[in-house]
Amino acid sequence: MLEGAEQAAAAYEEFTAAQTDGVGRARGGSVDPVAKKLLLRRFEQTRGVADRALFGLRAEAGDFQAWRESHQPFHWFAEFPNVWRRGGFDVIVGNPPYIKASDVRRKYRWQGFATDECPDIYAVCTERAAGLLNDAGRMAFIVKHSASFAKAFAPLRSVLEERNGAQWISSYAKRPDYLFAGSAQVRNSIICIARDSDRGLRVSRCRRWPSESRPHLFETQQYLGPQASLLRGGPWPQWPFIDDPDLQAVLDSLLATQARLSDSLCSQSGTSLRFKKDAQYALGIYIDEPPAYDAAGRLIPLPKTGALQFADQTVRDVAFAALASAWGYLWWAVYGDEFDVTRGVLCSFPVNAAALATGRAGPDLLGLAERLRDELPRHLKWQTNAGVRVGRYDLRDCTHITDKIDRLLADAWELTTEQLEAAWNLRDRLNFGQRD
């Protein structure tokens with residue numbers, strides 16, 4: 001089979017050489033039809049051998065010709081034998097389809113990839129493309145941003161890191177603007193690969209930008225080489241959304257010195273801290289839930305909420321203050337998906353609420369938590385959908401309280417004033433000062 005591909009490559013190069021003047025310019029006159037016919041026959045013979053080999057390797061049942069027509073196998077080494085002869089492609093640029101793997105598997109199956117079980121076929125397409133590069137190859141693929149953080153796409157991240165010298169991963173939100181115009185309103189990551197570089201992994205934050213900034217989006221892109229602690233910082237290994245070295249230094253310090261919030265939780269029913277399961281410019285963290293009403297004006301349970309349980313009310317209140325702080329929001333911005341707020345991301349936050357509650361900053365933190373609890377109902381905003389009115393407390397109107405919490409936490413964690421101000425600056429840049 002490979003011998004046939006080698007022969008096809010040689011025949012192709014002989015054919016193209018006959019059509020040029022030796023420096024790549026086409027000769028005058030028509031293509032030799034006999035030579036072209038022989039070349040196409042050589043390619044078809046190589047395809048046939050490869051198809052039969054694949055049919056046998058996969059232990060396919062049924063008729064070979066029927067399988068061949070339904071699957072239409074494509075063999076890169078047979079279709080591009082001269083590229084294969086040189087070790088692969090120099091450059092690959094693409095935007096693979098975003099389709100659930102379960103939908104495709106109803107009619108077609110694949111095997112032998114590290115990403116076989118990933119839930120979207122963009123993963124196996126990305127792995128395959130990276131495998132087609134030569135040792136000095138370059139690649140750029142636009143994929144969904146779940147490639148950067150989702151647990152289900154960990155095999156994709158692992159195989160790309162293992163097989164490639166350098167990667168630059170930039171990520172993009174979908175509000176206020178998004179990468180694709182039209183129907184593809186998704187959050188994206190762009191994966192760039194250089195096989196022959198030893199520069200390692202570089203990542204960016206999940207960027208938000210207004211439409212007027214689109215012409216300058218890529219020229220202002222910034223990357224950061226994440227420390228090993230940050231790659232393991234979330235609920236599972238992922239590529240963090242971060243490009244700020246000051247924030248990385250803070251998170252690295254906290255991950256090294258602080259217990260996770262999960263260590264302050266109790267497994268039994270206790271006193272609850274509630275959270276809204278989606279966010280954009282601020283987290284929805286509260287002890288007392290905002291109201292919600294159905295189309296008839298009746299009070300209903302607030303939709304899309306979760307709860308964290310604490311055995312002790314003081315520990316809960318300190319956790320409330322910490323998650324409502326700029327540090328809590330930035331943690332979510334680094335390890336969340338830019339929309340959903342999950343229990344796993346909140347619980348992985350490196351804040352030892354139990355120790356803070358009994359430490360020097362405890363009384364002040366508890367006092368500010370009580371003030372914030374009383375203040376939030378004064379900043380109730382409403383969202384209406386299909387007649388259902390859902391209340392939401394806007395933490396951005398409470399920075400006169402949360403900024404004090406930020407400072408207390410910075411002091412407790414022995415952070416510098418410069419690090420605190422850098423955190424505020426990044427929080428404000430993520431927010432644009434907007435209201436949703």
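In what follows, every heavy atom counts, from backbone to side chain, and hydrogens, waters and symmetry copies are set aside. Since the structure is predicted, the reported quantities are computational estimates derived from the model, not experimental observations.
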Q: State, to 0.1 Å, how close Ile405 and Ala321 come at their nearest heavy-atom pair, and which atoms those are.
A: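 That closest heavy-atom pairing would be CG2-O, 3.4 Å.
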Q: Go through the structure and list residues passing side chain to side chain donor-acceptor pair (under 3.5 Å) with His216, not counting sequence neighbours.
A: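 Counting only residues at least two positions away or on another chain, His216 forms a side chain to side chain donor-acceptor pair (under 3.5 Å) with Glu219.
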Q) Is the backbone of Gly112 close enough, under 3.5 Å, to the side chain of Asp116 for a donor and an acceptor to pair up by distance? A)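 Present.
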Q) Checking Gln309 side chain against Gly270 main chain: does a donor-acceptor pair fall under 3.5 Å? A)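 Judged by distance alone, yes, a pair lies under 3.5 Å.
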Between [X] and [Y], does any side-chain N to carboxylate O distance fall below 4.0 Å?
| X | Y | value |
| --- | --- | --- |
| Lys174 | Glu338 | no |
| Arg195 | Asp90 | no |
| Arg427 | Asp403 | yes |
| Arg378 | Glu375 | yes |

Q) For the residue pair Phe310 and Phe320, is the inter-centroid distance of their aromatic rings smaller than 6.0 Å? A)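 Between Phe320 and Phe310, which both carry aromatic rings, the centre distance is not below 6.0 Å.
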**Q.** Name of the residue among Leu426, Asn425, Asp252 meeting side-chain contact (heavy atoms from CB on, under 4.5 Å) with Leu247
**A.**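 It is Leu426, the one option of Leu426, Asn425, Asp252 that forms the side-chain contact (heavy atoms from CB on, under 4.5 Å) with Leu247.
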Q.
Atom CZ of residue position Arg360 - does it have more than 12 heavy atoms of other residues, nucleotides or ligands inside 6.0 Å?
A.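 Incorrect, the count does not exceed 12.
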Q.
One pair to check against side-chain contact (heavy atoms from CB on, under 4.5 Å): Trp110 and Arg105. What are the steps and the verdict?
A. CA-CA 8 Å; Trp110 57 92; Arg105 284 196 176 100; 3.6 Å; yes
Q: Could I get the full list of ring pair (Phe, Tyr, Trp, His ring centres under 6.0 Å) partners for Tyr329, not counting sequence neighbours?
A: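 If we apply the ring pair (Phe, Tyr, Trp, His ring centres under 6.0 Å) test to Tyr329, skipping adjacent residues, the hits are Trp332.
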